[in-house]
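To start, the structure itself, in structure tokens.
Throughout, a chain's letter reflects where its sequence line sits, starting with A, and its residues are numbered from 1.
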Amino acid sequence: MFALVDVNSFYTSCETLFRPDLQGKPVVVVSNNDGCIISRSAEAKSLGIKMGEPFFKIKNNTYSSRVHIFSSNYALYADLSERVMQTLTAISPSIEVYSIDEAFVNLSGVINCMPLSDFGHEMKNKVFKNTGLTVGVGIAQTKTLAKLANHAAKKWRGTGGVVDLSNIERQHRLLALTSVEDVWGVGRRISKKLNSMGINTALDLVESSLWVIRKHFNVVLERTVRELRGEQCLELEEFAPAKQQIICSRSFGNRITQYSDMHQAICAYAERASEKLRSERQFCRFVSVFLRTSPHADNEVYYANQASMKLLTPSNDTRDIINSATNSLKRIWVDGHRYMKAGVMLADFFSNGVAQLNLFDDSSPRKNSAALMEAIDQLNNSGKGKVWFAGQGIEKTWAMKREMLSPAYTTRYADLPVAR
DNA sequence: TCTGGGGTCCTAGGACCC
DNA sequence: TCTGGGGTCCTAGGACCC
């Protein structure tokens with residue numbers, strides 16, 4: 001048995017946690033660069049504010065003066081997420097952290113101690129006690145069914161935020177009430193195609209033949225159907241598998257038109273990507289850079305391009321990554337565009353041990369590279385100060401917009417809330 | 001004026017091998 | 001006239017997730 005536990009309106013709840021005056025009011029969090037709505041309090045939802053809606057479009061709506069808006073504060077959300085996960089880890093056999101605000105919990109053996117829904121309430125109460133955040137809990141035989149149960153726990157107040165789907169009849173009743181697009185793994189495209197085949201509810205999907213699903217779609221959807229039937233196809237992944245790619249990309253606060261600005265941005269992204277790579281204890285051989293103008297600007301020529309390089313030897317030295325990223329940038333930069341976004345992608349990873357020197361590589365690996373990178377990472381993680389490579393510059397005129405950012409309540413001494 | 005930032009998996013098709 | 005039957009690896013693109 002699995003439980004899926006997730007925090008209600010996670011980002012928004014993190015914000016109101018430290019602003020009790022805003023509880024019960026419409027609150028939203030917008031994406032990086034203050035672009036789109038990405039989290040809404042219940043009150044904001046009932047105003048009709050949609051997920052993913054561009055912020056500038058609702059800015060001047062009649063209700064907007066009543067809505068409290070926050071820029072994304074990932075330092076805050078990541079810290080609170082960790083506290084939620086720690087609480088769940090402490091009381092359950094094992095968990096898989098699935099995203100910043102949700103986890104699958106392994107419930108094996110729990111049934112010998114107490115009814116599963118009681119355990120669900122216990123998780124909910126413990127998380128609330130430790131963090132002040134409210135979670136929803138869905139319990140079932142497979143991950144996909146647990147997701148469905150969680151969905152129901154959110155939707156119907158009478159459930160008290162916990163739904164146990166162990167009972168097959170209850171399962172079928174819920175399947176009949178759920179439309180296919182609310183099933184985990186069924187997105188917009190597939191649900192449209194399913195609808196055209198007369199498959200509208202999750203129950204329709206469960207009752208359709210596996211052969212037909214496999215023929216018209218693929219093995220992924222077949223697995224979803226099996227999971228909805230109670231056949232476990234997806235395991236609990238307690239330990240995150242090694243990443244296959246690392247991307248660092250951002251939209252710019254203002255459009256970039258100067259090469260020197262773009263060069264700075266690419267250096268900054270390359271540096272951040274290298275940090276992530278080292279924290280994964282990996283070395284990469286593939287470094288790619290992309291940039292693009294706005295796809296929404298009708299009166300401008302759209303330009304998007306990407307270039308990549310293969311390093312002769314796998315590396316996680318920031319200097320190597322910056323070198324090859326800026327080399328690629330030179331090849332795709334075109335004057336005269338108003339660039340909106342750019343990024344750096346790393347791939348083709350090697351673990352420490354298998355990094356092998358290239359027979360024909362003239363340049364020997366950099367001396368003391370590992371020690372230097374470790375020193376930099378330690379300085380930057382110590383809270384004592386920040387060092388960076390000169391390429392990214394000091395005045396980052398291209399940096400993203402975060403005009404409504406809340407304090408780093410839990411991760412910066414100066415921002416600690418004061419209790420009176 | 002203004003539209004996020006990450007990821008994964010699968011499939012089809014091309015190039016190549018014997 | 002007539003052209004097999006296996007494979008592998010790589011890439012691009014499409015679908016999905018949060």
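- We find that A:Arg278 and A:Asp377 are joined by a salt bridge, their nearest charged nitrogen and carboxylate oxygen being less than 4.0 Å apart.
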- request: Decide side chain to side chain contact (heavy atoms under 4.5 Å, CB included) for A:Asp415 and A:Thr410; before the verdict, give the C-alpha distance in whole Å, the side-chain angles of both, and the deciding distance to 0.1 Å.
  value: CA-CA 8 Å; A:Asp415 290 357; A:Thr410 62; over 6 Å; no
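- A salt bridge links A:Glu222 to A:Arg214: one of the charged nitrogens lies within less than 4.0 Å of a carboxylate oxygen.
- Among the heavy atoms of the strands lying under 4.0 Å from A:Tyr98 are primed sugar atoms or P, OP1, OP2 only; no base atom is included.
- Counted within 6.0 Å of CG on A:Asn254, heavy atoms from surrounding residues, nucleotides or ligands total 12 or fewer; the atom is thus considered open.
- Counting any heavy atom pair closer than 4.0 Å across all strands shown, A:Asn33 reaches no nucleic acid atom.
- In this structure, A:Tyr259 and A:His263 have tilted ring planes: the angle between them lies in the 30° to 60° band.
- Residues forming a side chain to side chain donor-acceptor pair (under 3.5 Å) with A:Glu181 (at least two apart in sequence, or on another chain): none.
- A salt bridge (charged side-chain N to carboxylate O under 4.0 Å, His left out) with A:Glu300 holds for exactly one of A:Arg255, A:Arg292, A:Arg338; it is A:Arg338.
- Classification of the A:Trp398-A:Tyr269 ring pair by plane angle, with boundaries at 30° and 60°, yields perpendicular.
- Between A:Tyr98 and A:Trp184, the ring planes lie perpendicular to each other; the angle is over 60°, past the 30° to 60° tilted range.
- Note on A:Glu96 versus A:Lys143: salt bridge recorded, some NZ/NE/NH1/NH2 to OD/OE distance being below 4.0 Å.
- In the model, A:Ser31 has no side-chain atom that pairs as donor or acceptor with a side-chain atom of A:Asn33 under 3.5 Å.
- Counting non-hydrogen atoms under 4.0 angstrom, A:Asp101 reaches the backbone sugars and phosphates but no base.
- Comparing B:dC17 with C:dG4, their C1' atoms are spaced 15 Å from each other, to the whole Å.
- Inspection of the A:Thr411 and A:Asp79 side chains reveals no N or O donor paired with an N or O acceptor under 3.5 Å.
- A 4.0 Å heavy-atom criterion places the boundary nucleotides of DNA chain B facing chain A at B:dC2 to B:dT11, written 5' to 3'.
- Of the residues in residues 237-263 of chain A, those placing a heavy atom less than 4.0 Å from an atom of DNA chain B are A:Lys243, A:Gln244, A:Gln245, A:Ile246, A:Ile247, A:Cys248, A:Ser249, A:Arg250, A:Ser251, A:Arg255, in numerical order.
- Remark: A:Val183, A:Trp184, A:Gly185, A:Val186, A:Gly187, A:Arg188, A:Arg189, A:Ile190 in residues 181-220 of chain A come within less than 4.0 Å of DNA chain C through at least one heavy atom.
- Listed in residue order, the members of residues 326-340 of chain A having a heavy atom less than 4.0 Å from DNA chain B are A:Arg338, A:Met340.
- A:Arg402 comes within contact range of no nucleotide atom at all, as no heavy-atom separation falls under 4.0 Å.
- Taking the six-membered ring where tryptophan is involved, the planes of A:Tyr409 and A:Phe18 are essentially parallel, since the angle between them stays under 30° and well short of 60°.
- Between atom OG of residue A:Ser274 and atom CZ of residue A:Phe389 there is a gap of 8.0 Å, rounded to the nearest 0.5 Å.
- Consecutive pairing runs in DNA chain B reach the stem threshold at B:5-18 with C:5-18, where a stem means at least three Watson-Crick or G-U wobble pairs with distances under 3.5 Å.
- Tested against A:Leu148, the residues A:Leu4, A:Thr178, A:Thr142 include a single side chain to side chain contact (heavy atoms under 4.5 Å, CB included) partner, A:Thr178.
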